[in-house]
Novice: 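One structure, as structure tokens, below. Some questions next.
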Amino acid sequence: QVQLVESGGGLVQAGGSLRLSCAASGRALSSYAMGWFRQAPGKEREFVAAISRSGGSAYYADSLKGRFTTSRNNAKNTMYLQMNSLTPEDTAVYSCAAGLYIGNTTTNYNYWGQGTQVTVSS
């Protein structure tokens with residue numbers, strides 16, 4: 001099994017940037033496709049981005065393309081989410097997830113981190 005821990009969340013003003021990290025332990029990150037999801041208060045969890053095991057392919061929610069970028073460093077067992085031009089609508093708990101197959105639904109992923117809060121003020 002793999003354990004995932006997110007970090008890098010916090011409070012930022014609209015228009016600002018944040019970089020989230022997802023650190024893996026227990027098993028090599030390179031064994032898994034990875035995804036980012038977010039959940040805002042009162043809303044369902046939604047797909048943000050996904051990246052293949054090698055990092056060669058990445059996919060994004062249509063509404064986030066151009067503002068969010070995901071990457072990974074398998075040597076450091078860490079995945080990242082760079083978020084730019086943040087708006088209050090981006091406020092949510094952001095979670096990373098690991099699975100055998102890349103995808104944009106929660107059912108693609110077997111292992112989840114606890115999440116990190118991102119709050120964007122107007």
Side-chain angles (χ1 to χ4, degrees):
Q1 288 190 352
V2 64
Q3 290 79 46
L4 304 173
V5 178
E6 302 92 340
S7 61
L11 175 64
V12 63
Q13 288 188 334
S17 298
L18 280 176
R19 187 175 84 153
L20 305 184
S21 298
C22 173
S25 62
R27 194 168 176 182
L29 193 69
S30 58
S31 299
Y32 301 97
M34 301 293 295
W36 288 100
F37 291 78
R38 69 184 184 182
Q39 188 167 21
K43 295 187 178 180
E44 293 187 354
R45 182 175 286 179
E46 66 171 345
F47 170 72
V48 173
I51 189 166
S52 61
R53 297 184 192 193
S54 68
S57 299
Y59 305 93
Y60 301 91
D62 288 342
S63 61
L64 301 176
K65 287 179 182 176
R67 294 197 299 122
F68 288 19
T69 304
T70 189
S71 61
R72 63 192 295 165
N73 185 329
N74 287 339
K76 293 186 177 181
N77 260 7
T78 304
M79 177 178 67
Y80 306 97
L81 182 67
Q82 178 68 42
M83 307 185 294
N84 298 327
S85 302
L86 288 163
T87 74
E89 288 69 38
D90 295 315
T91 295
V93 174
Y94 286 71
S95 300
C96 62
L100 294 181
Y101 305 104
I102 194 170
N104 62 358
T105 64
T106 58
T107 56
N108 285 103
Y109 303 95
N110 305 103
Y111 305 103
W112 293 80
Q114 83 289 350
T116 186
Q117 176 70 46
V118 171
T119 302
V120 184
S121 63
S122 58

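Note that these values count all heavy atoms, side chains included, but never hydrogens, waters or copies made by symmetry. Model, not experiment: these values are computed from the prediction.
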Novice: Does Arg67 have any salt bridge (charged side-chain N to carboxylate O under 4.0 Å, His left out) partners at least two apart in sequence or in another chain, and if so, which?
Specialist: Asp90

Novice: For Ser95, does its backbone N or O pair with a side-chain atom of Arg45 as donor and acceptor, under 3.5 Å?
Specialist: no

Novice: Asn104 side chain to Gly35 main-chain N or O, any donor-acceptor pair under 3.5 Å?
Specialist: no

Novice: Following the transitive rule for hydrophobic clusters with a side-chain heavy-atom cut-off under 4.5 Å over Ile, Leu, Val, Met, Phe, Trp and Tyr, establish whether Leu86 and Trp36 coincide in one cluster.
Specialist: yes

Novice: When the ring planes of Tyr94 and Phe68 are compared, do they come out parallel, tilted or perpendicular, using 30° and 60° as the limits?
Specialist: tilted

Novice: Name the orientation class of the two ring planes belonging to Phe37 and Trp112 (parallel below 30°, tilted from 30 to 60°, perpendicular beyond 60°).
Specialist: tilted

Novice: Does Leu20 belong to the same Ile/Leu/Val/Met/Phe/Trp/Tyr cluster as Phe47, with side-chain heavy atoms less than 4.5 Å apart forming each link?
Specialist: no

Novice: Is a side-chain N or O of Tyr32 found less than 3.5 angstrom from the main chain of Tyr109, in a donor-acceptor match?
Specialist: no

Novice: With Ser17, which residues qualify under side-chain hydrogen bond (donor to acceptor under 3.5 Å, both in side chains), at least two apart?
Specialist: Asn84

Novice: If you link I, L, V, M, F, W and Y whenever their side-chain heavy atoms are under 4.5 Å apart, who else ends up in the same group as Tyr80?
Specialist: none

Novice: Would you say the side-chain atoms of Arg53 pair up with the backbone N or O of Leu100, donor to acceptor, closer than 3.5 Å?
Specialist: yes

Novice: Going by the side-chain contact (heavy atoms from CB on, under 4.5 Å) test, name the single residue among Leu64, Leu81, Val118 that passes it with Arg38.
Specialist: Leu64

Novice: Tell me whether Glu6 contacts the main-chain N or O of Gly115 through its side chain, where contact means a donor paired with an acceptor under 3.5 Å.
Specialist: yes

Novice: Is a side-chain donor or acceptor of Asn77 paired with a backbone partner of Leu29 at a separation under 3.5 angstrom?
Specialist: yes

